[in-house]
Every structure is written in structure tokens, then in C-alpha cells.
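What follows is a short report on a single structure.
Reminder, nothing fancy here: chain letters follow the sequence lines and each chain counts from 1. FYI, side chains are in, hydrogens and waters are out, and symmetry mates aren't considered; it's all heavy atoms of this structure.
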Amino acid sequence: MTNGDIAKVLREIGEYLDMQGVPFKPRAYEKVAETVEALDGEVADVYRTGGLKAVEDIPGVGLSIAEKIEELLKTGKSKYYEELKKKTPVNLSELMAVEGLGPRKIGALYKKLGVTNLRELEAAASAGKIKTLEGFGEKSEQNILQGITFLKSSGGRKPLGVALPIARDIVQRLKGLKGVERLEIAGSLRRRKETIGDVDILVISDNPKPVMDYFVAMPNVANVTAHGDTKSAVKLANGLDVDLRVVPKESYGAALNYFTGSKDHNVALRRLAIKKGLKLNEYGLFRGADSRGLKRGLTQKEIMVAGKTEEEIYDTLGLTYIEPEMREMTGEVEAALRQAMPTGRQAQGRANGLPKLINYGDLQGDLQTQTNWTDGADSVEVMADAAIAAGLHYIVITDHTKRLAMTNGLNEQRLLEQGKEINALNKKFQVSGSTFRVLKGSECDILADGTMDLSDEALQTLDVVGASVHSLFNLSKKEQTARIIRAMRNKHVDILFHPTGRLIGKRPPYEVDMDAIIAAAKETGTVLEIDAFPDRLDLKDEHIRKCVEAGVKMSIDSDAHSATHFHVLEYGIAQARRGWATKKDIVNAWPVEKMLGMLKDARA
DNA sequence: GCCGTTTTCGGCCCGACTGTTTTCAGTCG
């Protein structure tokens with residue numbers, strides 16, 4: 001039983017209870033399902049080493065759920081779940097994926113029409129059986145059919161690199177409209193998650209109707225799912241959902257905070273507000289709003305104490321400002337509390353506040369770029385000029401090596417020739433008074449046994465050596481890990497490029513023990529790369545966090561294969577910020593001499 | 001079902017929108 005298996009059962013138990021109208025329990029199960037899914041280690045291991053008691057220590061897990069997990073681990077089944085399933089034998093995960101369908105409606109559809117799966121749902125809707133049901137109507141039936149169509153066609157999350165340009169384009173269009181005072185991208189996109197479920201855009205306007213009308217009529221809109229006074233939602237032709245919300249000026253900070261999330265982060269802030277006798281919603285932070293007051297209908301007596309900016313909300317809650325990329329409920333609220341109350345009891349604990357994250361624009365160089373010597377599109381000089389235009393002070397040319405024959409990978413001889421070209425180009429820069437530097441490097445293949453594709457003699461002539469896995473993705477975790485660590489122990493190897501080899505949405509990472517890789521990086525002084533190319537984003541945020549904690553240095557590289565690719569560095573910086581990295585953690589945020597000095601020390 | 005600077009009982013984040021109703025339930029984020 002993996003964490004995913006356990007989470008699925010717990011989630012469905014919650015959904016079945018919700019179906020029956022049971023209060024509160026559904027939320028308890030759902031919460032634990034999410035926790036288990038996001039857990040670092042396997043619940044099975046937690047149970048094996050610590051027993052029932054250790055399982056109960058997982059946040060949100062009490063005796064009752066712990067026992068159900070124990071039963072799942074021991075027998076692979078849960079009696080409680082089986083009984084619920086027997087009562088309503090439907091394919092929950094399949095039906096829940098239809099937009100607009102939740103547990104209650106799924107329950108009603110089963111009870112009245114015997115619908116148990118997507119196929120039967122489609123048949124019932126097509127036959128016009130749903131619109132006659134109590135609580136459903138013509139529109140519900142159409143929405144269900146449409147939901148099934150969209151589910152079949154696209155579905156799934158979009159990579160950051162796809163969603164962000166689309167969102168920025170929409171912002172540009174809306175910006176031109178009359179009466180629009182301010183626009184901001186919110187949601188998981190503002191947190192720069194590696195994949196985006198939907199785009200949230202916030203707008204201040206005193207005349208929202210024309211903005212809403214324009215928004216739902218944009219040319220790439222395939223379907224309008226909501227069109228109200230303060231909120232509209234559309235689905236674009238490419239399947240991306242976009243929400244637009246209009247908020248009043250005095251509530252802008254509260255709304256931005258609320259719609260940026262994450263959900264768990266918001267819940268934590270609201271709890272904090274309640275503890276202080278305040279109420280937080282998307283309109284502001286209010287005093288005089290305890291739950292009893294709300295029930296007596298006293299909301300009009302509330303006094304707004306913050307809301308215009310995010311900063312004042314965090315401040316009033318007793319927190320230092322938390323950057324959007326950190327708002328994932330992975331300790332940032334506690335850290336912001338500790339920082340805000342340096343003399344408090346909590347301050348004597350372990351951590352000391354929030355880090356000052358690396359900023360967009362902090363990079364001085366790029367340590368992985370390819371040219372037309374191998375599979376890149378442009379010459380060394382064109383790449384250098386593009387890097388200068390992107391505001392960089394140095395790049396490393398890291399073409400592929402001979403094992404990657406399909407890219408015309410460099411052998412020792414051609415590497416030498418390329419070095420001459422780089423020398424000449426540097427001389428040209430020098431003569432023209434430019435301080436820009438092109439460094440010699442390689443994206444050298446790690447061979448099957450963990451040795452390198454180029455000789456040590458060739459590698460030692462280079463300024464920066466990157467090592468990459470491009471073959472044998474199917475080795476066992478043990479073999480792959482040992483292979484990579486052997487490469488890292490080669491004293492000429494400076495950086496491990498795209499350490500897990502994943503391609504988001506296309507190829508899973510190869511099996512590798514990242515804790516062991518990080519430990520080896522610490523031991524050997526090897527830099528681990530954050531490959532910024534949007535379908536890689538490799539390292540992941542959680543790995544970056546571990547590197548920061550271990551004191552392992554990283555680089556943020558474009559992996560540019562053409563002069564137009566340097567803009568992707570932004571995604572890498574976002575990823576680094578999500579991993580709580582600061583400038584001192586990122587070697588190419590340093591001046592070139594300091595960066596090279598660090599690599600030299602590590603080789604020694 | 002879980003949890004505790006509301007601590008072993010009594011709460012549990014909060015509001016918008018839709019579609020179905022005629023005051024509200026369900027869904028979503």
C-alpha cells in the first residue's frame with residue numbers, strides 16, 4: 001500500500017460520508033488524505049517502525065483513522081470503506097472529475113438512475129433522463145454533458161511555462177480597458193507552481209461590467225462557466241480555466257492574499273485571525289466578528305482593520321510578509337511568527353524566521369547553454385549576445401559530448417576547437433571594452449558505469465563541467481544512485497545537471513535516491529542544478545529546500561538551446577524561491593570569479 | 001473525526017455563483 005493508495009481510500013470514505021450528509025467527518029478524512037499524499041516518506045514505513053502510535057502522530061490522524069490505516073496496511077482493505085462502497089457502488093474518482101458534480105449529486109444520480117460510472121452518466125444525460133430529476137434541470141444536464149466532453153478532450157494541469165505567458169497576454173488585453181485601475185495575476189500562478197490548474201486574475205475597477213463582458217467574449221474563450229458581478233470564469237480553447245474577479249480598492253490586499261492561496265496557507269491565516277478575535281476574508285481583516293456575533297447577524301458592526309495591502313494584513317496578524325512562492329503551508333507561517341516575535345517562547349526554538357529569497361534579476365550568469373556545435377540553434381557568439389541582452393555577465397557553453405551521437409556530441413578534438421573559438425570571442429569582448437565572459441564547459445554524459453564520456457585530460461581544461469544522465473533511465477534506484485554518485489566523485493565534475501531527469505507531463509524522473517545525492521553533493525562540493533527549462537524544472541522545490549538545509553550549493557540554468565531561451569531563467573528563479581533559496585545558495589547569482597573560486601575549491 | 005494560548009467538549013475558513021428553487025443546496029476555490 002503506497003501513500004497514494006491509502007489517500008485514495010481515505011478520500012473516498014470522506015466523499016461517501018459527504019454523500020450521506022454527515023457533517024465534519026468528510027473534512028477530517030479529506031484533510032488526512034491530502035496530508036498522506038504530500039508526505040515525504042511512506043506511511044507503511046512509519047507504521048513498521050513506530051506502530052499505531054506513530055501513525056497517530058501524522059497531523060490530522062486520530063485513533064479512528066489510524067486504525068483504518070493500520071487495517072489497510074495489514075490486509076490491503078478497509079471494512080468500513082467496503083461497506084460504504086457496497087451501499088453506493090460508484091466509480092467515485094471518475095465521476096468526481098466531472099466539473100459541477102460532487103458527492104451529493106453523484107449520490108442522487110445513483111439512487112434515482114443507477115449511474116455508477118462516466119459511461120452510464122453520459123448515457124443518462126444523452127437520453128434526457130437527468131433533467132427530469134428533482135434538484136436537476138435542463139441546464140444541469142447540459143453542463144454534465146459538457147463536463148464529460150472537456151474531461152475527455154483536455155484535462156490536467158498546464159506547465160507554468162505555458163500558463164504564465166497566456167495569463168500575461170490576458171492581463172495585457174484587459175489593461176487597455178477603460179475603468180481598469182489595477183490588474184494582478186493571483187492563484188497558484190502567482191505562487192509559480194510548476195503546473196497550474198487554473199489562472200486567477202484580479203482587477204480593481206469601479207465599473208466592472210464592461211470588463212467582465214469583454215473577458216467572457218475574448219476570441220480564445222471556448223466556454224463561459226460563470227459570468228457574475230464580481231466573478232467570471234471561462235475555459236479557453238486549449239483547456240485552460242481562467243477566473244476573473246473584480247474587487248474594491250480598499251479590499252485589494254485581502255483579495256490578492258485570499259486568491260493567491262494556497263488554500264492551507266489561507267486557512268492558517270484565518271485561524272490566526274480568529275485567535276486574535278478577528279475575521280479574515282477576501283474583503284479584509286475585521287474586528288468585532290466572532291462567530292456568535294455573526295450568527296446574531298451583527299456583521300454590519302464589523303470594523304475593517306486591514307485589507308488594502310497584503311503587507312498590512314500579515315503585519316496585523318503578527319507575521320512578517322511572506323512571499324507568494326512560499327505560501328504552501330510548509331512551515332512559512334510558523335517561521336513568520338517566530339520572526340515577528342523574536343523574544344517569544346517560540347523564538348527560542350530551532351529556526352529563525354524567513355529567509356531573504358533570491359530575487360528575479362539576481363542571476364549574473366548561466367551555467368548551461370548549448371550551441372550549434374551540437375543540438376543548439378545558434379552560434380557561440382549569438383548566444384553570448386543574447387545573454388548580454390538578458391542582463392547576464394557570463395555564460396558557460398556546455399555542448400553535449402560524443403556519446404550523444406544524435407546531437408553530434410563533441411569529442412576531445414572538437415572540444416579543443418570550440419575552445420579556440422571561445423578564446424577569440426573573449427578577446428573580441430575585451431577589445432571592445434565589454435566585461436562579458438564566455439566560459440568553457442561541457443554537458444558531459446555519465447556513462448553506464450558512472451565514468452565520464454570525456455577524458456580527465458579534456459575535462460580539466462574546462463572552466464565548468466556539468467554531468468548529465470541521458471541514458472539507462474530504467475536502472476534500479478540503487479544502481480542509478482551509485483552511478484550518479486560515482487560521477488559526482490570525479491574531481492573534474494562541478495555540477496550535476498537536471499538531477500532527476502524528469503520531463504513534466506511526459507517522462508517521470510528516473511529512480512534515484514535524492515537524499516543520497518544531496519549527501520554526496522555535500523561531501524564532494526558538487527553543485528546541483530535547477531534546470532529552468534519549463535518542462536524540466538529539475539530540481540523540484542522540495543529538493544531545493546533540502547539542499548538549502550544541507551548547505552548544498554545550486555545553480556539556476558536556462559539549458560538554452562537557442563538565443564530566445566534565456567527568458568526561462570525566470571522559471572528557475574521561481575522554483576528556487578519555492579525552495580526557500582537565497583542568493584548565497586545559488587552560485588551563478590555570484591560574480592564570476594567567486595563562482596569559479598568555489599568550483600576550484602571543490603575540485604581541490 | 002480531530003483538536004486544544006477557547007484544551008477533553010464544542011467547535012471546525014468563508015463567500016460567490018449556479019441552478020433550482022421561491023429561500024436554498026451543492027459545488028468550487
Item to check | Residue-level proximity of residues 52-60 of chain A to DNA chain B when a heavy atom falls under 4.0 Å | outcome: A:P59, A:G60
Checklist entry - Reckon A:F136 touches a base, only the sugar-phosphate, or nothing at all at heavy-atom distances under 4.0 Å? => result sugar-phosphate
Item to check | Crowding at NZ, A:K112 (>12 non-hydrogen neighbours, <6.0 Å) | outcome: yes
Checklist entry - If you look at every strand shown and take non-hydrogen atoms under 4.0 Å, does A:V32 touch a base, only sugar-phosphate, or nothing? => result nothing
Checklist entry - Roughly how many Å is it from CZ in A:R191 to C1' in B:dG29, rounded to a whole number? => result 11 Å
Checklist entry - How is A:K276 classified with respect to the nucleic acid when contacts are heavy atoms under 4.0 Å: base, sugar-phosphate, or nothing? => result nothing
Checklist entry - Which is true for A:L17 with a 4.0 Å heavy-atom rule: it touches a base, it touches only sugar-phosphate, or it touches nothing? => result nothing
Checklist outcome for this item: Whole-Å distance, A:L95 CG to B:dG26 C1', equals 16 Å
Checklist entry - If you round to the nearest 0.5 Å, how far is NZ of A:K79 from NZ of A:K86? => result 11.0 Å
Checklist entry - A:H227 has a side chain; which of B:dA16, B:dG1, B:dT18 sits nearest to it? => result B:dT18
Checklist entry - How long is the line joining CZ of A:R27 and P of B:dC13, in whole Å? => result 9 Å
Checklist entry - B:dT18 and B:dT23: how far apart are their C1' atoms, nearest whole angstrom? => result 15 Å
Next on the checklist: What's the gap between B:dG26 and B:dT20 when it is taken at their P atoms, as a whole Å value?
Outcome noted: 14 Å
Checklist entry - In terms of side-chain heavy atoms, does A:S64 have a donor or acceptor partner in A:K68 at a distance below 3.5 Å? => result yes
Next on the checklist: If I pick the P atom on B:dT6 and the same atom on B:dA16, what distance separates them, to the nearest angstrom?
Outcome noted: 28 Å
Checklist entry - Side-chain donor-acceptor pair under 3.5 Å between A:T2 and A:D5, yes or no? => result yes
Checklist entry - Reckon A:E138 touches a base, only the sugar-phosphate, or nothing at all at heavy-atom distances under 4.0 Å? => result sugar-phosphate
Checklist entry - Between B:dG1 and A:K25, is there an OP1 or OP2 to side-chain N/O distance shorter than 4.0 Å? => result yes
Item to check | First of A:L63 and A:D198 reached from the 5' end of DNA chain B, by closest nucleotide | outcome: A:L63
Checklist entry - With a 4.0 Å cut-off on heavy atoms, is A:P103 in touch with a base, just the backbone sugar-phosphate, or nothing at all? => result sugar-phosphate
Item to check | Derivation of the salt bridge (Lys or Arg N to Asp or Glu O under 4.0 Å) call for A:R11 and A:E37 | outcome: CA-CA 10 Å; A:R11 176 168 291 118; A:E37 234 158 30; 3.2 Å; yes
Item to check | Under 3.5 Å side-chain donor-acceptor pair for A:Y314 and A:N257 | outcome: yes
Checklist entry - Expressed in whole Å, how much space separates the C1' atoms belonging to B:dT8 and B:dC2? => result 12 Å
Checklist entry - Going through the distances and angles, do A:E82 and A:K77 end up as a salt bridge (Lys or Arg N to Asp or Glu O under 4.0 Å)? => result CA-CA 8 Å; A:E82 301 294 332; A:K77 283 186 174 176; 5.4 Å; no
Checklist entry - Rounded to whole angstroms, how far apart are CG on A:D264 and P on B:dC14? => result 15 Å
Next on the checklist: Using the rule given for salt bridge (Lys or Arg N to Asp or Glu O under 4.0 Å), can you reason through A:E310 versus A:R190, listing the C-alpha separation, both sets of side-chain angles and the distance that settles it, and then say yes or no?
Outcome noted: CA-CA 14 Å; A:E310 286 192 314; A:R190 183 161 177 248; 2.9 Å; yes
Item to check | A:D538 and A:I504, any side-chain heavy atoms less than 4.5 Å apart | outcome: no
Checklist outcome for this item: Sorted by position of nearest nucleotide on DNA chain B, 5' first, the leading residue of A:I106 and A:R270 is A:R270
Checklist entry - CG of A:L133 versus P of B:dG19: gap in Å, rounded? => result 17 Å
Checklist entry - Is any side-chain N or O of A:Y29 closer than 4.0 Å to OP1 or OP2 of B:dC12? => result no
Checklist entry - Contact class for A:I274 vs. all strands (heavy atom < 4.0 Å): base, sugar-phosphate, or nothing? => result base
Next on the checklist: If you compare every side-chain N and O of A:R104 against the phosphate oxygens of B:dG26 (OP1, OP2), does one of them come in below 4.0 Å?
Outcome noted: yes
Checklist entry - Contact class for A:K263 (heavy atom, under 4.0 Å): base, sugar-phosphate, or nothing? => result base
Item to check | N/O (side chain, A:N281) to phosphate O (OP1/OP2, B:dG15) under 4.0 Å | outcome: yes
Next on the checklist: Tell me every residue that passes side chain to side chain contact (heavy atoms under 4.5 Å, CB included) with A:E311, counting only those two or more places apart in sequence or in another chain.
Outcome noted: A:T309, A:Y321
Next on the checklist: Counting only heavy atoms from other residues, nucleotides and ligands, does the tally under 6.0 Å from CG of A:D229 exceed 12?
Outcome noted: no
Checklist entry - Between A:K105 and B:dT20, is there a side-chain N or O to OP1/OP2 distance below 4.0 Å? => result no
Checklist entry - Any luck finding a side-chain donor-acceptor pair between A:E70 and A:Y47 under 3.5 Å? => result yes
Checklist entry - In whole Å, what is the span from the CD atom of A:E134 to the P atom of B:dT22? => result 9 Å
Checklist entry - Of the candidate nucleotides B:dG15, B:dC13, B:dG29, which contains the atom at the shortest distance from the side chain of A:K279? => result B:dG15
Next on the checklist: Counting the atoms with a prime plus P, OP1 and OP2 as sugar-phosphate, which does A:K275 contact under 4.0 Å by heavy atoms, base, sugar-phosphate, or nothing?
Outcome noted: sugar-phosphate
Checklist outcome for this item: Testing B:dC12, B:dG29, B:dC17 for proximity to the side chain of A:F24, the answer is B:dC12
Checklist entry - If you measure from the P atom in B:dC3 to the same atom in B:dC13, how many Å do you get, rounded? => result 13 Å
Checklist entry - For the pair made of CD1 in A:I196 and P in B:dG29, what is the distance, rounded to whole Å? => result 14 Å
Checklist entry - Distance check: side-chain N/O of A:R271 vs OP1/OP2 of B:dC13, anything under 4.0 Å? => result yes
Next on the checklist: Under 3.5 Å for both donor-acceptor distances, Watson-Crick or wobble: does B:dC2 have a partner, and if so which one?
Outcome noted: B:dG11
Item to check | Positive for side chain to side chain contact (heavy atoms under 4.5 Å, CB included) with A:L280, one of A:T316, A:N266, A:L285 | outcome: A:L285
Next on the checklist: Taking donor-acceptor contacts at under 3.5 Å, does the side chain of A:Y283 reach the base of B:dG15?
Outcome noted: no
Next on the checklist: Taking only side-chain N and O atoms of A:S64, does any of them lie within less than 4.0 angstrom of OP1 or OP2 on B:dG1?
Outcome noted: yes
Next on the checklist: Is A:K131 close enough to B:dT20 that one of its side-chain N or O atoms is under 4.0 Å from OP1 or OP2 there?
Outcome noted: no
Item to check | Separation of atom CZ in A:R245 from atom C1' in B:dC17, rounded to whole Å | outcome: 10 Å
Checklist entry - Is there a residue in residues 139-147 of chain A whose heavy atoms reach under 4.0 Å of DNA chain B, and which residues are they? => result A:K139, A:S140, A:N143
